[in-house]
**Q** 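Just passing along the structure, written as structure tokens.
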Amino acid sequence: MEIKKTAMVTICGRPNVGKSTLTNLLAGEKLAIVSPKPQTTRNRITAVVNRGETQLVLMDTPGFHNPRTRLGDYMVNVVKESIPDVELVLLLVEPIANVGQQEQALLRRIQASRRPALLVINKIDTVEKETLLAVMAAYAAAFDFDAILPLSALRNEGTEELLDEMVKYAVPGPALFPEGVDTDQPDRQVCAELVREKLLRCLDREVPHGTAVEVTRFSEREDGIIDLDVTIYCEKASHKGIIIGKNGAMLKKIGESARRDIERFMGTRVFLQSWVKVRENWRDSDVMLRNFGYSADRKS
């Protein structure tokens with residue numbers, strides 16, 4: 001079906017409210033990495049959803065937080081700069097009957113942008129109806145939302161209603177992305193992110209937050225197999241030992257888990273090799289941040 005309308009939609013909220021889970025669910029495939037740890041998303045992730053004659057371009061943003069490093073500053077700026085110049089902003093929150101400081105800051109940004117906004121209350125499967133009503137009342141008193149939609153991304157409840165609501169904000173125009181394209185992320189970037197997701201899932205405490213992943217080789221053989229070399233950077237020599245593990249067991253576990261997801265994404269077999277290097281305090285180095293794609297000239 002020919003696309004006749006489009007809408008760019010920013011999804012924002014504090015860390016761990018389910019932005020990436022919701023983005024993947026709406027897109028119908030895994031485009032953004034997900035973990036229980038905060039600040040999983042570092043860049044803006046674009047997901048393209050075609051619904052009838054309408055193309056929705058969803059922008060999953062990093063969790064809005066109080067930054068402690070230059071990487072954190074970059075992530076917060078990504079959120080701030082993703083709010084203006086879109087057709088719609090979704091503020092995703094947990095079912096807590098209190099408008100927190102991070103939400104208040106985001107609401108001030110939304111108000112200044114004069115963009116239409118929807119409040120999306122996620123994780124409604126975790127609370128009673130009375131609590132949900134109190135949450136809706138608290139946010140309705142704080143901001144004049146166009147609509148308030150409760151849902152559960154985990155259980156895929158309420159997502160059809162959300163999609164129907166977003167379509168209302170589409171404006172006439174041709175498709176922004178051609179048919180068959182579901183993200184603006186290069187394959188190399190998706191592969192690097194899938195490796196980083198396994199670091200977040202397999203490692204504890206501060207170790208995974210101090211890691212970055214660089215793809216140093218991405219080549220396809222004649223038989224379709226992809227050769228993928230990645231370098232995992234961490235901030236301390238002790239962290240390198242933890243990532244590698246005894247006799248290389250942890251690095252092997254991370255690599256095997258990442259390879260399975262990468263093969264699903266690429267639709268072919270992947271030969272993955274990984275190395276670990278130390279780059280002290282890279283999260284506060286402008287040069288290193290730029291090398292890893294976390295810089296002012298690259299927000300997606």
Side-chain angles (χ1 to χ4, degrees), residues 14-21 24 30-43 45 60 62-63 65-76 78 185 187-218 226-266 270-295:
R14 68 167 61 226
N16 272 115
V17 293
K19 298 181 296 297
S20 295
T21 300
N24 291 337
K30 186 173 185 176
L31 299 174
I33 65 172
V34 178
S35 88
K37 295 181 174 67
Q39 299 166 36
T40 296
T41 301
R42 289 175 175 170
N43 274 312
I45 306 298
D60 175 26
H65 65 287
N66 294 319
R68 295 183 298 170
T69 64
R70 291 192 180 184
L71 173 60
D73 291 336
Y74 165 79
M75 292 161 64
V76 169
V78 169
Q185 297 180 90
D187 290 343
R188 294 171 68 104
Q189 182 181 344
V190 175
C191 292
E193 284 290 273
L194 289 171
V195 174
R196 192 168 66 84
E197 178 188 66
K198 305 315 173 189
L199 291 164
L200 286 162
R201 289 186 172 274
C202 294
L203 302 172
D204 293 325
R205 300 181 183 176
E206 184 62 17
V207 178
H209 291 296
T211 60
V213 179
E214 179 184 25
V215 174
T216 55
R217 182 169 70 138
F218 186 102
I226 291 175
D227 289 302
L228 185 66
D229 292 357
V230 302
T231 300
I232 299 167
Y233 294 92
C234 59
E235 293 186 309
K236 298 178 181 179
S238 60
H239 291 179
K240 178 179 178 179
I242 294 170
I243 294 168
I244 295 174
K246 186 176 181 180
N247 298 323
M250 179 57 74
L251 186 59
K252 181 179 179 181
K253 177 182 177 182
I254 291 166
E256 289 180 346
S257 181
R259 179 182 54 77
R260 288 193 292 269
D261 273 10
I262 293 169
E263 287 182 338
R264 277 193 289 268
F265 175 76
M266 297 301 301
V270 173
F271 182 67
L272 173 66
Q273 295 188 95
S274 53
W275 291 265
V276 184
K277 294 183 179 180
V278 178
R279 292 291 184 271
E280 293 185 0
N281 301 317
W282 69 263
R283 284 181 290 179
D284 279 315
S285 166
D286 289 336
V287 173
M288 294 299 295
L289 289 173
R290 194 174 300 112
N291 288 344
F292 295 144
Y294 307 130
S295 59

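The structure displayed is predicted, hence computed values, not measured ones. Note that the numbering runs from 1 along the sequence shown for the chain.
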**Q** Quick one: pull up CZ in Phe218 and CG in Asp229 and give me the separation to the nearest 0.5 Å.
**A** 11.5 Å

**Q** Show the nearest heavy-atom pair for residues Pro208 and Leu199, with the distance to one decimal.
**A** CB-O, 3.5 Å

**Q** Tell me, do Glu193 and Cys191 make a side-chain contact under 4.5 Å, heavy atoms counted?
**A** no

**Q** At what distance, to the nearest 0.5 angstrom, does OG of Ser257 lie from CG of Leu272?
**A** 11.0 Å

**Q** For Arg264, enumerate each residue passing the salt bridge (charged side-chain N to carboxylate O under 4.0 Å, His left out) test, keeping only those at least two apart in sequence or located in another chain.
**A** Asp261

**Q** If you look only at pairs with a residue in residues 226-247, which of them pass as a ring pair (Phe, Tyr, Trp, His ring centres under 6.0 Å), with sequence neighbours excluded?
**A** Tyr233-Phe292

**Q** Answer yes or no: is there an ion pair linking Lys30 with Glu197, defined by an N-O contact shorter than 4.0 Å?
**A** yes

**Q** Before you tell me yes or no, could you show the steps for Arg259 and Glu256 under salt bridge (charged side-chain N to carboxylate O under 4.0 Å, His left out), namely the whole-Å CA-CA distance, both residues' side-chain angles and the distance that decides it to 0.1 Å?
**A** CA-CA 5 Å; Arg259 179 182 54 77; Glu256 289 180 346; 5.7 Å; no

**Q** Do any N or O atoms from the side chain of Lys37 and from the backbone of Leu203 form a donor-acceptor pair under 3.5 angstrom?
**A** yes

**Q** Compare every heavy atom of Ala237 with every heavy atom of Val278, then report the nearest pair and how far apart it is.
**A** CG2-CA, 3.9 Å

**Q** Looking at Pro36, is its backbone amide N or carbonyl O close enough to the side chain of Arg201 to form a donor-acceptor pair, meaning the two atoms are under 3.5 Å apart?
**A** no

**Q** Check the side chains of Asp60 and Ser20 for a donor-acceptor pair under 3.5 angstrom, ignoring hydrogens and angles.
**A** yes

**Q** Does Asn24 reach the main-chain N or O of Ala32 with its side chain, forming a donor-acceptor pair under 3.5 Å?
**A** yes

**Q** For a quick test of reading the model, state the closest non-hydrogen atom pair linking Arg196 to Ile33 and the distance between them.
**A** NH2-CD1, 3.5 Å

**Q** Rounded to the nearest 0.5 Å, what separates atom CZ in Phe265 from atom CG in Leu31?
**A** 6.5 Å

**Q** Which distance, rounded to the nearest 0.5 Å, do you find between the CD1 of Ile262 and the CD1 of Ile226?
**A** 9.0 Å

**Q** Do the non-hydrogen side-chain atoms of Pro67 and Met75 ever get within less than 4.5 Å of each other?
**A** no

**Q** Which atoms form the tightest heavy-atom contact between Ser35 and Asn16, and what is the distance?
**A** O-ND2, 3.8 Å

**Q** Could you go through Tyr294 and Val78, starting from their C-alpha distance and side-chain angles, then the distance that decides it, and tell me whether this counts as side-chain contact (heavy atoms from CB on, under 4.5 Å)?
**A** CA-CA 10 Å; Tyr294 307 130; Val78 169; over 6 Å; no

**Q** So which atom in Cys234 and which in Lys240 form the shortest heavy-atom distance, rounded to 0.1 Å?
**A** SG-N, 3.6 Å

**Q** Please report the interatomic distance CG(Asn291) to CG(Asp286), rounded to the nearest 0.5 Å.
**A** 11.0 Å

**Q** Tell me if a side-chain donor or acceptor on Trp282 pairs with a main-chain N or O of Gly210 at a distance below 3.5 Å.
**A** yes

**Q** Would you please test Ser274 and Ile254 for side-chain contact (heavy atoms from CB on, under 4.5 Å) and show each step?
**A** CA-CA 9 Å; Ser274 53; Ile254 291 166; over 6 Å; no

**Q** Please name the pair of heavy atoms, one in Arg283 and one in His209, separated by the smallest distance, quoted to 0.1 Å.
**A** NH1-O, 3.3 Å

**Q** Closer than 4.0 angstrom, basic N to acidic O: yes or no for Arg260 and Glu263?
**A** no

**Q** So does Arg14 get a backbone contact from the side chain of Lys19, meaning a donor-acceptor N/O pair under 3.5 Å?
**A** yes

**Q** Side-chain contact test, heavy atoms from C-beta onward, threshold under 4.5 Å: evaluate it for Val76 versus His65 and give yes or no.
**A** yes

**Q** Answer whether the closest heavy-atom distance between the side chains of Leu289 and Leu71 falls below 4.5 Å.
**A** yes

**Q** Let me confirm one number: the CD-CG distance from Gln273 to Leu228, rounded to the nearest 0.5 Å.
**A** 9.5 Å

